[in-house]
Amino acid sequence: MTDRPAPPDAFAMTPIGVIESDFPDKFGIPRQPGLAEAARASLVLRSPFDDPLAVRGLEAFSHLWLTFVFHQSPERWTPLVRPPRLGGNAKVGVFASRSTHRPNRLGLSLVELLDIDTSRGVRLALRGADLVSGTPVLDLKPYLPWAESRPEARAGFAPGTPSTLPVDLSPAAEAVLARREDGASLRALILQVLAQDPRPAYRRGAEARVYGVRLRDVDVRFRARTAATGETRLEVVEIVTA
Ligand code: SAM
């Protein structure tokens with residue numbers, strides 16, 4: 001047996017920065033990155049990590065891994081979780097899931113890097129992040145497709161991109177978007193986020209309940225309806241400035 005000391009059983013970590021994103025709330029955020037390409041986010045590095053030298057050369061990479069804390073999840077965890085992908089009832093082991101309720105509450109997201117602004121500190125512009133504003137980021141690393149892209153890998157109960165629903169916008173919602181400078185990008189974000197059907201898995205009957213998803217500075221109110229064809233569609237009934 002070596003006489004090396006046992007590793008510590010706890011590590012203190014300091015966030016290198018914080019996320020500012022289109023998502024003020026957890027509710028409605030797609031389950032994985034890249035499912036809403038119109039989602040904008042910035043990673044704002046904090047002192048002493050906001051040194052432009054620390055990101056020298058990063059601009060040569062198109063995608064980044066973000067390691068972060070699910071800071072809005074509880075610290076307690078359970079060995080079994082109920083993935084929404086399985087309808088919210090079936091249980092799997094927490095380590096067989098990407099659940100936000102996990103030991104150490106660590107998240108991992110692959111995001112697209114759009115720009116690096118070092119004019120005042122360091123701000124990374126990102127596309128497609130699945131993180132709520134305020135998320136503390138512990139580390140970022142460049143993505144290496146030759147080492148990490150494994151399209152042949154088996155993915156258990158989550159074998160592919162989640163199914164989506166068609167989304168309609170009421171004339172009142174369209175009118176609000178038409179008056180906004182960011183109307184086009186907000187419209188794309190609304191369509192992409194709602195297509196993921198943010199309703200809780202156990203509530204996916206065709207009831208007429210109105211839900212609200214906060215995006216940027218608005219509350220997007222929507223409900224499900226059954227079209228004449230029998231398919232379920234989501235309809236944005238109104239967009240209210242939050
Ligand atoms: N891609 C990451 C991963 O696999 O570790 C996150 C996957 S997790 C299923 C994505 C969900 O985390 C989002 O839908 C959102 O509801 C939630 N979320 C995002 N930021 C969070 C935060 N700071 N604290 C807790 N939950 C968060």
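Counting starts at 1 for both ligands and their atoms, in listed order. Heavy atoms only: backbone and side chains are in, while hydrogens, waters and symmetry mates are out. Note that the coordinates shown come from a computational prediction; the quantities given were computed from them, not determined experimentally.
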How close does the nearest protein non-hydrogen atom get to [atom], and which residue and atom is it?
atom: atom 19 (C) of ligand 1; result: Asp130 O, 3.3 Å
atom: atom 14 (O) of ligand 1; result: Ile29 O, 2.9 Å
atom: atom 24 (N) of ligand 1; result: Gln72 N, 3.0 Å
atom: atom 10 (C) of ligand 1; result: Arg31 O, 3.4 Å
atom: atom 2 (C) of ligand 1; result: Leu108 O, 3.1 Å
atom: atom 4 (O) of ligand 1; result: Arg98 NE, 2.7 Å
atom: atom 16 (O) of ligand 1; result: Lys26 O, 3.2 Å
atom: atom 25 (C) of ligand 1; result: Ser73 OG, 3.4 Å

Within-4.5 Å side-chain heavy-atom neighbours: [X] and [Y]:
X: Leu58; Y: Leu124; answer: yes
X: Phe49; Y: Val122; answer: no
X: Pro83; Y: Val92; answer: yes
X: Gln192; Y: Glu37; answer: yes

Check ligand 1 against [X] and write out every atom of the ligand that is under 4.0 Å from a heavy-atom position of the residue.
X: His71; result: 22 (C), 23 (N), 24 (N)
X: Gly107; result: 5 (O)
X: Pro33; result: 1 (N)
X: Thr135; result: 20 (N), 22 (C), 23 (N)
X: Val132; result: 19 (C), 20 (N), 21 (C), 22 (C), 23 (N)

>> Working note: Tyr143 + Ser149, criterion side-chain contact (heavy atoms from CB on, under 4.5 Å); need CA distance, chi angles, decisive distance, verdict.
In response: CA-CA 9 Å; Tyr143 171 64; Ser149 172; 3.3 Å; yes

> Given that the side chain starts at C-beta and the backbone is N, CA, C, O, which of these parts of Ser99 lies under 4.0 Å from ligand 1, counting heavy atoms, or is it both or neither?
Replying inline: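 It is neither; nothing of Ser99 touches ligand 1.
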
> How does Thr100 reach ligand 1, if at all, at less than 4.0 Å between non-hydrogen atoms: by side chain, backbone, both, or neither?
Replying inline: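 Thr100 to ligand 1: side-chain contact only, backbone stays beyond 4.0 Å.
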
> Taking atom CZ of Arg76 as the centre, does the number of heavy atoms from other residues, nucleotides or ligands within less than 6.0 Å exceed 12?
Replying inline: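 Open.
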
>> For the CD atom on Glu148, are there more than 12 heavy atoms of other groups (residues, nucleotides or ligands in this structure) within a distance under 6.0 Å?
In response: yes

> Is there a heavy atom of Pro30 sitting under 4.0 angstrom from any atom of ligand 1?
Replying inline: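 Within the 4.0 Å threshold, so yes.
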
> Does Val69 have a non-hydrogen atom less than 4.0 Å from ligand 1?
Replying inline: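 Contact present.
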
>> I need the full list of salt bridge (charged side-chain N to carboxylate O under 4.0 Å, His left out) pairs touching residues 107-118, with sequence neighbours left out, sorted by first then second residue.
In response: Glu112-Arg127

> For Arg180 and Ser185, does a side-chain donor sit closer than 3.5 Å to a side-chain acceptor?
Replying inline: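 Their side chains do not contain a donor-acceptor pair, so the 3.5 Å distance test is not met.
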
>> One pair to check against side-chain contact (heavy atoms from CB on, under 4.5 Å): Trp77 and Arg105. What are the steps and the verdict?
In response: CA-CA 9 Å; Trp77 64 279; Arg105 297 187 292 167; over 6 Å; no

>> How long is the straight-line distance from CG of Leu165 back to CD of Glu231, given to the nearest 0.5 Å?
In response: 8.5 Å

